[in-house]
Amino acid sequence: MTKPTHDERTTQGTEELRVQLEHSREELGQTVEALVARTDVKARAQEKAAEVKEQAAAKAAEVKEQAAAKAAEVKEQAVVKAAEVKEQAAAKATELKAKAAGVAHQVQDKLPDTVRDKAARAVGEARAQASQAGRVWEERAPEPLRQKAAQGARAARDKRTVLLVAAAGAVTLWLARRRAGRGGGARS
């Protein structure tokens, strides 16, 4: 084994020192950059602001999604409830119509034959007068007024049972008062 000469040893030592020095410079540069980054308040504030902004945007999107889901749920519940209410109203209307028809038949059955005859004659006279009034109306009434009257007549036809029950009740009340008036006058 040969020993390295003094010049060779010095060259190797210098070379090693240069490498170590370069390595130390790189580490020192990185350390300085890290220290500068930590002391750069403006840059750190901007980073934090960007982070907070990103978090806020994510939270806003989440809240918006939750609100949309809740709105759809409430809308669906409202549609279901509206259908239930509509169904209940239709059932109640049918029930009331049946009761009104029953009451009308009871009233009609309890009326004496003379009252029925008078009512039939009154209905005939009313129809004749209504027919005559209709002809006069058609001849003299302005068109817009006739259209409104036709709408009213259609509504009355649609609610015929209710109107008949009301008319029967009015006739019954009138007859009861009339009988009470006769009976009170005969007793005096």
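A salt bridge does not link Glu22 to Arg18: none of the charged side-chain nitrogens sits closer than 4.0 Å to a carboxylate oxygen.
Interatomic distance, Leu96 CG to Thr161 OG1, rounded to the nearest 0.5 Å: 12.0 Å. Annotation: the span from Leu173 atom CG to Arg178 atom CZ amounts to 13.5 Å, rounded to 0.5 Å. Taking CG of Leu21 as the start and OG1 of Thr14 as the end, the distance is 12.0 Å to the nearest 0.5 Å.
Side chain to side chain, Glu26 and Gln30 fail the donor-acceptor criterion of an N or O pair below 3.5 Å. Side-chain polar atoms of Gln132 and Arg135 form a donor-acceptor pair below 3.5 angstrom.
For the side chain to side chain contact (heavy atoms under 4.5 Å, CB included) with Glu73, the qualifying choice from Glu76, Lys75, Gln77 is Gln77, the only one to do so. Checking each of Glu27, Gln20, Arg25 against His23 for a side chain to side chain contact (heavy atoms under 4.5 Å, CB included) leaves exactly one that passes, namely Glu27.
Counting heavy atoms of neighbouring residues, nucleotides and ligands inside a 6.0 Å radius, atom CD of Gln151 exceeds 12 of them.
Panel note: side chain Ser131, backbone Arg127; no donor-acceptor pair is recorded below 3.5 Å.
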